[in-house]
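Okay, so here's the structure we're looking at.
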Amino acid sequence: MQQSPHYMPDHHAQIVLNHVTISALPSIPQVLTRILEMLQDEDTDMRKLADLMEMDVVISARILQVANSAAFQRGTQVLSVYSGISNLGWDLVKTLTLSIIFQRMLSDYFKSNQQDLASYWYHSLRTAVLCKALAARTSAVSTDEAYISGLLHDIGRLGLLSGFNAQYQAFFAIDESLPNYIESEAARFGIDHCELGAWVIKNWQVKSFLEDAIAYHHLPAAQLEHSPALIKIVYLANLLAQQNIRDKPALAELAERWFNLSETALDEIVSISHQQIDVLAISLNLEAEKPALGMDSAPEAEDIEALLGALGNRAQAPLAPSSNIDDRLMQGVASNALINHMESTLSQQPDEEALLLQLQKLARLICHSKQLMLFVPNETQTTLIGKPLQADQKWVADFILPTQQDVSLIADTWLAQAARHSFEAFRGSKATLPDKQMMRMSNAAGMLCVPMMLKGKPMGVMVLALDQPEFLLLDTQMSIPTALARIAASRLAASGQPADDMLAGEAQKERLRRFVHETSNPLTTVKNYLAILEQRMLKNGMQSDDISIVNEEIDRIGVMIGELYSNGQSYSAASVDINQMVLDLITLHRQTYLEPAGVDVVEALHPNLPEVTTIPYQLRQVLVNLIRNAAEAMPNGGTLTIATHVENRAGEEPMLLIQVSDTGHGIPDEVMARLFSPQTSTKGGNHGGIGLTISNDIIKSLHGSMACRTSPQGTSFDVRLPLQSEASDLALME
């Protein structure tokens, strides 16, 4: 009766879906304990950590889910735990694991299902190892993809246990290979574990047959004859892991027909795989037991309904929240560990931009939010205004909410200084139109609003856009989003940008932007008239040196005004094609400075010049200055040569060399002596002035150097830059 994973769930199935999220599923405590130990040592080998995490269904699924999300994916899909850890980084993996450990402390079903969970773990890991061995022997699919598919093939059973703990305990204790098991699941809960598992994986949107392998692993084998190899591998490995001796001839026939594997080869794969599993189980102090009630437990399999009835007394009601002081203490320790790690992670961010980026990542990892929004008050605290946290969130600034009752859940949160949410079925409030618009923009079913408090004073409102399963999980642990909001308010205030000053800062930026825009127009007009005046003076045989000086000063004023307002993007470090930058600048200045002065340009550019990491705006400013100086050094015409090289000096790191040379009359000795120091510009032939001083300082800030060689036959400026620079090490010159 197995269906496609693209089904329409009935009412009972929807209840399960509304309660299932990967982080809410039960994990193996022994694995979590070992992982936590490894995470305390920052010298831990990442490969060993990945190997350990691969033993746990929930940890593996959560890492792959996050690594493949839009917020963390780096262009390629992730189908191995090691790649996922590499993508996320040490701090995020630690945060993720602490989060899962904390959530496990609040999960009551661990107390009553430990033996059944051990059997589940053993079967899942055995299937995973068999999948990997089959993939390696057949070369049909990636071994990592096969392993993950086998490990997660029964994740739907954990979902049903999470959604219907008491009702599903009897099912969870029974071997899923029993006849009519799948049909009974669907009849009781409106969905079977294959469909539910496929639904959990579907949201990853990875280009893999992983979802189908999970959905179809209980279909009749005849229906899979023309399916992709991964689906067949998971199907065969699942049957082999059940160790049903009576099915051995049929399995051998499948292995030969699907993968051309002999019975001997199949026996070898099974034997080696089982030995590997036993070693793992012993290392974690887990009993390697088969489920007690399976196909091999009796000559004739009992009816599934009869077995469920016999096990009914094991299906306990959900446990009430523990009053045991040790349990509460453990929950408190886990909660404090997670909050302390969040505080430590955010305190390491050097500036507000990095802080906000890390804040969003933590919200996604720990609170499972689809979108994080911040709302801050204006100076009079009469309105709350959205603060965009990244480029694709500019729409948040369009929401200006009066601090009045019933305008928005955000305003209600500000007024009450208490959390509010929109999930009406769970004691939530009715969403207003602005709330619904934000939920639609965030592609989320609802929102949770948390006040950002600092020493009892409200600083703003943090909004988490969530779907219902994620909210239900978070609702049991409100201390986490509350702590995240408090830490955010504290860090924003400590960074010199208190929440209630944010709006004023944005308004100041807007005024500066308008000022820069408006002043650029008259400056451009003045420069145009100066150009006309200069041409008339030249035609009449008059000197135009004063005009050039005025032009240079206007350019400097323009640069200084422009630097009053910057969105930070034009000044950030980036990988730069130096040759292309040179060609662009030559094109830009050929008609304005070069051709009118009779200057010919020679381009001697290295054909295979590597790109360098630098700050494009600043390097461009230096090259413009050198090109203009060279043109002015040749008033009667000459040759400007721009060359690029990779310079290798013995015992030193390779450097990028940019040479700007002219055929002017050279620089006087008295000017050369103070070439890179501020001095009065002579504007006769080649000259020294503030431009070269700024250029030299810029190159130093880019970890490079500038040198000059001059003679009566011409002058050459050599600019050297490191081929390898860390973007974070490059400092803007003030």
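For reference, positions follow the sequence shown, starting with 1.
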Within the 4.5 Å heavy-atom criterion, are Gln393 and Met441 side-chain neighbours or not? no
Any side-chain heavy atom of Phe471 within less than 4.5 Å of one from Met447? no
Value rounded to 0.5 Å, distance of CG in Asp212 from SG in Cys194: 12.0 Å
Please check this pair: side chain of Ser60 against backbone of Met53, looking for a donor-acceptor N/O pair closer than 3.5 Å. yes
Taking Ile269's backbone N and O only, do any of them form a donor-acceptor pair with Ser273's side chain (distance below 3.5 Å, no angle check)? yes
Is there a donor-acceptor pair under 3.5 Å between the side chain of Gln223 and the backbone N or O of Tyr216? no
With a 3.5 Å cut-off and no angle check, do the side chains of His218 and His153 form a donor-acceptor pair? no
Minimum heavy-atom distance Arg157-Tyr181, with the two atoms named: NH2-OH, 3.1 Å
List the atom of Val141, the atom of Leu230, and the distance in Å for their closest heavy-atom pair. CG1-N, 3.8 Å
Please check this pair: side chain of Lys370 against backbone of Asp467, looking for a donor-acceptor N/O pair closer than 3.5 Å. no
Val234 to Cys131 - nearest heavy-atom pair and separation: CA-SG, 3.8 Å
Minimum heavy-atom separation for Ile155 and Gly197, please, with both atom names. CG2-CA, 3.8 Å
CA sep, side-chain torsions, deciding dist, call: Thr127, Leu151, side chain to side chain contact (heavy atoms under 4.5 Å, CB included): CA-CA 7 Å; Thr127 303; Leu151 187 69; over 6 Å; no
Ser139 side, atom OG; Leu134 side, atom CG - distance, nearest 0.5 Å: 11.5 Å
One should read off an interatomic distance between Leu464 CG and Ser442 OG, to the nearest 0.5 angstrom, of 10.5 Å
Sub-4.5 Å side-chain heavy-atom contact between Met478 and Leu448: yes
With a sphere of 6.0 Å drawn around CG of Asp392, does it hold more than 12 non-hydrogen atoms of other residues, nucleotides or ligands? yes
Kindly compute the distance separating CG (Leu362) from CG (Leu357), expressed to the nearest 0.5 Å. 10.0 Å
Where the side chain of Lys132 meets the backbone of Ala146, is there a donor-acceptor pair that is under 3.5 Å apart? no
Nearest non-hydrogen partners of Leu64 and Ser80, listed with the distance: CD2-O, 3.5 Å
Taking all heavy atoms of Ala445 and all of Gln468, pick out the closest pair and write down the distance. CB-N, 4.4 Å
Under 3.5 Å donor-acceptor, Glu195 side chain and Ile191 backbone: no
For the atom pair CD (Glu185) and CG (Leu160), what is the distance rounded to the nearest 0.5 Å? 5.5 Å
Please examine the side chains of Leu196 and Trp199, heavy atoms only from C-beta on, and report whether any two atoms are closer than 4.5 Å. yes
Under the side chain to side chain contact (heavy atoms under 4.5 Å, CB included) rule, what do Leu266 and Leu240 come out as? Steps first, then yes or no, please. CA-CA 9 Å; Leu266 190 64; Leu240 290 171; 3.8 Å; yes
Is there a side chain to side chain contact (heavy atoms under 4.5 Å, CB included) between Phe259 and Ile233? Walk through the geometry before answering. CA-CA 9 Å; Phe259 302 111; Ile233 284 176; 3.5 Å; yes
Start with the C-alpha gap between Leu359 and Leu484, add the side-chain angles, then the distance that decides, and say whether side chain to side chain contact (heavy atoms under 4.5 Å, CB included) holds. CA-CA 8 Å; Leu359 187 65; Leu484 192 62; 3.9 Å; yes
Please examine the side chains of Ile148 and Val81, heavy atoms only from C-beta on, and report whether any two atoms are closer than 4.5 Å. yes
Quick check: does any side chain N or O of Tyr120 sit under 3.5 Å from a backbone N or O of Leu158, one acting as donor and the other as acceptor? no
Would you give the length of the straight line joining atom CZ of Arg137 to atom CD1 of Ile272, rounded to the nearest 0.5 angstrom? 7.0 Å
For His217 and His193: C-alpha separation, side-chain torsions, deciding distance, then whether ring pair (Phe, Tyr, Trp, His ring centres under 6.0 Å) applies. CA-CA 10 Å; His217 74 275; His193 73 270; 5.5 Å; yes
Evaluate whether atom CD of Glu256 has more than 12 neighbouring non-hydrogen atoms of other residues, nucleotides or ligands under 6.0 angstrom away. no
